Every structure is written in C-alpha cells, then in structure tokens.
Amino acid sequence: MSFADESQNSAPDNAPASKLGGARKGAEPGQNAAKRLQTELMQLMTSPAPGVSAFPSADGNLLSWRATIEGPEDTPYSGLTFKLSFEFPSNYPYAPPTVLFRTPIYHPNVDFSGRICLDILKDKWTAAYNIQTVLLSLQSLLGEPNNASPLNGEAAELWDNDPTLFKTKVMDRHKDVEDD
C-alpha cells in the first residue's frame, strides 16, 4: 500500500490540511475546532433552544464550556437545573466532547462522578452533532433513560419499579453547584 492509499483511510485529524476543506497549511491544532465552536456559540445565542444553554468557560478557553439543562416537565427532574462541563478535543467536531454532569444527579445513565452513558457521546458520534443537539439529547435522556445500558443499576431498577422512591433519591442527590 502506498502512502497515498494510507492517507485516504486515515482519521480526519490525520488527514492532510488540503483534505480538511479550507484548513490552511501551518494551522494550529484546534484552530478548526475553535472556528466551529465560535459558529456554534453564535447559533446558541441567536437561536436558543428552550431549557438548555451553553457558553465558553470564564477563563476564555474556547475548548472548555459550561452548560445548563432544565429538567423536563412531567419527569422526576422537573423544576431542577443541572450544570454540565464540556471539554472539546482539538479535532472537534470529528471527535465528541467529554461531557460531565457537575450537578450531582441520580439517573440510570449517569454515574456518581457525573460520567454519562450516551451513544452519541461515544461510538455514534458524528460531526453533524453540535453542542445544542448534545444538550437536547441529554435533556431527553432525563425523561427517557436507557435502562438496558445503565451506569447506575439501582437507579434503573427504581425507575422501572418504584417511581416514588426514585423521585426521593433524585431530590436527595440534587445539590446546586457553584460556577467556577
């Protein structure tokens, strides 16, 4: 196999700049990610979705964001607000961000460290997704957990079998966190 054949099968972050649609020779790693994130920020500000928001962190690092999700109506999370962190890789949008719940949450698909089990943040990620679609997917997950793939088995069992106790545990675990 020649070098030319190899480069056609490489991951997007290994592709020559000429193949990345407008990337300039000598562009810094993360420069395309920063441009994409600036575009997404403008979209979030001009066309906000109800119940979700996100902004770059106060330190000015465009690869680090803070977000909020309002708990959907008619779910155990109704009336609650959740803060999340987004850390974007330098090859975003070709690789997913690392998203964590900063607000403690009791949920079948979130562990006690805030890590999330959601396929679009792992093997089902595509560059077509953006911050807003991730936030809306997470908001939807609050009302429709995937109990076939729980990170918190107890929460999955209570969701299915004891909604009252589940709601109690949601309220006991929820604590407001400070912005940083």
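As the structure is a prediction and not an experimental result, all values here were calculated from the model.
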Worksheet item: Are a donor atom and an acceptor atom from the side chains of Thr68 and Ser53 found within less than 3.5 Å of each other?
Response: yes

Worksheet item: Does atom CD of Gln43 have more than 12 heavy-atom neighbours from other groups under 6.0 Å away?
Response: yes

Item to complete: Could you tell me whether a side-chain N or O of His107 sits under 3.5 Å from a main-chain N or O of Ala156, the two making a donor and an acceptor?
Response: no

Discussion item. Starting from Phe101, can I reach Phe55 by hopping between I/L/V/M/F/W/Y residues whose side chains sit under 4.5 Å apart?
Written reply: yes

Practice prompt. Classify the angle between the aromatic ring planes of Phe88 and Tyr92 as parallel (below 30°), tilted (30 to 60°) or perpendicular (above 60°).
Written response: perpendicular

Item to complete: Provide the closest heavy-atom pair for Asn130 versus Arg36 in the form atom of the first, atom of the second, distance.
Response: CB-NH2, 3.9 Å

Worksheet item: Would you call the rings of Tyr77 and Phe166 parallel, tilted or perpendicular, where under 30° means parallel and over 60° means perpendicular?
Response: perpendicular

Practice prompt. Following the transitive rule for hydrophobic clusters with a side-chain heavy-atom cut-off under 4.5 Å over Ile, Leu, Val, Met, Phe, Trp and Tyr, establish whether Phe112 and Leu151 coincide in one cluster.
Written response: no

Response to the item:
Smallest heavy-atom separation, Pro89 atom then Pro97 atom, equals CD-CA, 4.0 Å

Fill in: Donor-acceptor pair, side chain of Asn109 and main chain of Ser149, under 3.5 angstrom
yes

Discussion item. If you compare all heavy atoms of Leu37 against all heavy atoms of Trp65, which two are closest, and at what distance to 0.1 Å?
Written reply: O-CZ2, 3.7 Å

Worksheet item: OG1 of Thr98 to CG of Leu121: how many Å apart, nearest 0.5 Å?
Response: 8.5 Å

Fill in: Ala67 versus Phe86, closest heavy-atom pair with distance
CB-CE1, 3.7 Å

Discussion item. Would you say CG of Asn161 has more than 12 non-hydrogen atoms from neighbouring residues, nucleotides or ligands within 6.0 angstrom?
Written reply: yes

Worksheet item: So, the side chain of Ser57 versus the backbone of Ser64: is there a donor-acceptor pair under 3.5 Å, distance only?
Response: yes

Discussion item. For Glu73 versus Ser78, what's the shortest heavy-atom pair and its separation?
Written reply: OE1-OG, 3.4 Å

Worksheet, complete the sentence: From the list Leu135, Leu84, Leu118, side-chain contact (heavy atoms from CB on, under 4.5 Å) partner of Val99 resolves to Leu84

Fill in: Exam field: side chain Trp125 to backbone Pro93, donor-acceptor pair closer than 3.5 Å
yes

Item to complete: Would you give the length of the straight line joining atom OG1 of Thr168 to atom CG of Asp162, rounded to the nearest 0.5 angstrom?
Response: 8.0 Å

Worksheet item: Under the 3.5 angstrom rule, does the side chain of Lys83 hit a backbone N or O of Arg66 as a donor-acceptor pair?
Response: no

Worksheet item: Does Asn91 use its side chain to pair, donor to acceptor, with the backbone of Tyr94 at less than 3.5 Å?
Response: no

Item to complete: Go through His174 and Tyr106 one step at a time and tell me if the ring pair (Phe, Tyr, Trp, His ring centres under 6.0 Å) criterion holds.
Response: CA-CA 8 Å; His174 186 270; Tyr106 187 79; over 10 Å; no

Worksheet item: Taking it one step at a time, do Thr81 and Ile69 satisfy side chain to side chain contact (heavy atoms under 4.5 Å, CB included)?
Response: CA-CA 6 Å; Thr81 300; Ile69 296 176; over 6 Å; no

Fill in: 4.5 Å side-chain heavy-atom contact, Phe82 and Leu142
yes

Practice prompt. Enter the distance from Asn152:CG to Lys169:NZ here, rounded to the nearest 0.5 Å.
Written response: 8.5 Å

Item to complete: May I ask you to decide if Ser47's main-chain N or O and Gln132's side chain share a donor-acceptor pair within less than 3.5 Å?
Response: yes

Worksheet item: Roughly how far, to the nearest 0.5 Å, is the OG1 atom of Thr164 from the CG atom of Leu158?
Response: 10.5 Å

Worksheet item: Do you reckon Leu141 sits in the same ILVMFWY cluster as Leu136, going by side-chain contacts under 4.5 Å, direct or chained?
Response: yes

Discussion item. Any heavy-atom pair between the side chains of Val110 and Cys117 that's under 4.5 Å?
Written reply: no

Worksheet, complete the sentence: So CG of Leu80 and OG1 of Thr103: to nearest 0.5 Å the spacing works out to 9.5 Å

Worksheet item: Of the non-hydrogen atoms in Pro76 and Lys167, which two are nearest, and what is the gap between them?
Response: O-NZ, 2.7 Å

Worksheet item: Near Met45 CE, under 6.0 Å, is it more than 12 heavy atoms from other residues, nucleotides or ligands?
Response: yes

Worksheet item: How about Leu100 and Ile116: do any of their side-chain heavy atoms sit closer than 4.5 Å?
Response: no

Practice prompt. Output yes when a side-chain donor or acceptor of Ser137 lies under 3.5 Å from a complementary backbone atom of Thr133, and no otherwise.
Written response: yes

Worksheet item: Do side-chain atoms of Asp111 reach the backbone of Arg115 as a donor and acceptor pair under 3.5 angstrom?
Response: yes

Practice prompt. For the pair Gln139 (side chain) and Glu70 (backbone), establish whether a donor and an acceptor sit closer than 3.5 Å, ignoring hydrogens and angles.
Written response: yes

Worksheet entry | Side-chain heavy atoms of Gln38 within contact of Leu62, under 4.5 Å | yes

Discussion item. With a 6.0 Å cut-off (strictly less than), is the heavy-atom count around NZ of Lys124, excluding the residue itself, greater than 12?
Written reply: no

